[in-house]
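Order of listing sets the numbers, starting from 1, for every ligand and every atom in it.
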Amino acid sequence: MKIVIKFGGTSVGNGKRINKVCDFVSKLNEKNQIIVVSSALHSTTDELVKLAESAKKGKMELEVFDIITQRHKKTASEIIHDKKIQNELLESISVLLEELEKTVNGVITVKELSNKTLDKILSFGERLAVLIISAKLRDAGIESKSFTGGEIGIMTDENFGNASPLVKVTQHNIKKNLSGLEKTVPVITGFIGVTQQGEISTIGRGGSDYTASLIGMCFDVDEIWIMTDVNGLLTANPKIYPNAKTIPQLSYNEATEMAIMGSKGMHPRALEPAKLANIPVRIKNTFDPEGPSTLINEEVNVKKDEITKAITIINNLAMVTVSGMNMVGNIGTAGEIFGILGRNNVNIIMISQSISEANITFLIKQNELQKAVSVLQVGLLGKSSVNNIHSDDEVAVIGIIGAGMKGTHGVATKLFSAISSKNINVKMIAQGSSEQNISFVVKESDCKLATEAIHKQFNMDK
Ligand code: ASP
Ligand code: MG
């Protein structure tokens, strides 16, 4: 089989783990053609963000720079035994770290951080990671070569920070660059690409999954494996509900709903390319590769007693209600409200308007609440139709997901009777027309109890 295997940051978090990853790849490589995609070593991307943010204020975070330096150099010295490979690797790491330092110093000088420069700074995590993994494979006697996303041919638009791949050229490039490498294990950076101008771009936090899926589609592989630190996608967040179970199989659409709803373990756009090319995706645990895992493919399996497959939660949200008796029948109020928020870059997560039209409620990230309320106050000043803006922070959205809900009667009744039996107040409800997801808003502190109640109500404990 031809398999793209993506390792997340925790999977390659330290020397021991990288050794484990490389053992796993070596074994699989005996009978399959393997293409590795890797994230940055655990927490490196977050540290790079810190480095960039301080640089913008004119300060070099020496401590953070030192942590990044030590992590990569120490890991390299620890796990590579062949002196020649080790020296070359340490040299390449130093070259990258110097380039990082120069870039950060540039930001410090001008005290300005464009999205383009931020992307360049963030790219170092993955670029350092693939050097080490590829060297470790060579150290173990396996032919291997590392590539950046740009080197392998991932071309994107110039929307730095959240760039979109230009699929046709990317496909052409990847096919060309990967064929002829049958005997070599390519180790490719997740998360980063390059623009037509040759500038490094990133495709959004957590984007390595998307990279793996994209490469899988472009190179027409048999399977895409996403290696993470849990046993596949789970029926609920195990931190909230320890009895959560691995979901054995999901359709692309069900899994996409989960990813969009913030389920740990997948980038929201990751499944697009795999779905287009109809390539099965497996989500496996690096630390328990034979254990339970999730298969995502085109099959829509609905068992009678399995109407819902997963419960997801998005935390740290705030709910804002704009109200006024004069809003009733007043055309353009909604346009005005969302226009103001849009122009101020506030992302809206969920919207509802009651039939009375006297209020519009929407959900945003908690950390955007102050900005949202103040721009609305200024923007709606003097508009007599709106006379109150009320906000409620510390709310969360709970979503239940499953293709079986489509056309099934009584799901909402079952859901909300479970919720009300625990005396939990539901603040807002939405169901998309896909009918594969019902979302509702509760107080953040009610999430745990709600999850327990739903899990039991829908028989997900089995
Ligand atoms: N390293 C990047 C991040 O932390 C990309 C990824 O992990 O997928 O967001
Ligand atoms: Mg990740």
Original post:
Without hydrogens or angle criteria, can the side chains of Q86 and K83 be said to hold a donor-acceptor pair below 3.5 Å?
Top reply: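 Yes, K83 and Q86 have a side-chain donor paired with an acceptor closer than 3.5 Å.
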Original post:
How about S164 and R269: does a side-chain donor come under 3.5 Å of a side-chain acceptor?
Top reply: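 Checked: S164/R269 side chains pair up, N/O donor to acceptor below 3.5 Å.
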Subject >> Closest to atom 4 (O) of ligand 1 (judged by heavy-atom distance), picking from H267, H42, R205 >> reply: R205
Check this for me - ligand 1, [X], N or O atoms closer than 3.5 angstrom, yes or no?
X    : value
E126 : yes
K6   : no
F191 : no

Original post:
Excluding sequence neighbours, so at least two apart, what forms side chain to side chain donor-acceptor pair (under 3.5 Å) with T75?
Top reply: none
Subject >> By side chain to side chain donor-acceptor pair (under 3.5 Å) - contacts of S201 (at least two apart) >> reply: T156
Subject >> Numbered atoms of ligand 1 (with element) below 4.0 Å of G206, judged on heavy atoms >> reply: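 Result: 3 (C), 5 (C), 6 (C), 8 (O), 9 (O).
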Subject >> Atoms of ligand 1 close to S39 [distance to a heavy atom under 4.0 angstrom, numbered from 1] >> reply: 6 (C), 7 (O), 8 (O)
Original post:
What distance do T312 atom OG1 and E257 atom CD have between them, rounded to the nearest 0.5 Å?
Top reply: 9.0 Å
Original post:
Touching ligand 1 at all, G125? Heavy atoms, strictly under 4.0 Å?
Top reply: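 Judged by the 4.0 Å heavy-atom criterion, G125 does not count as contacting ligand 1.
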Subject >> F338/F362 under ring-ring contact (aromatic ring centres under 6.0 Å, His included): CA gap, chis, key distance, verdict >> reply: CA-CA 10 Å; F338 296 117; F362 55 87; 5.6 Å; yes
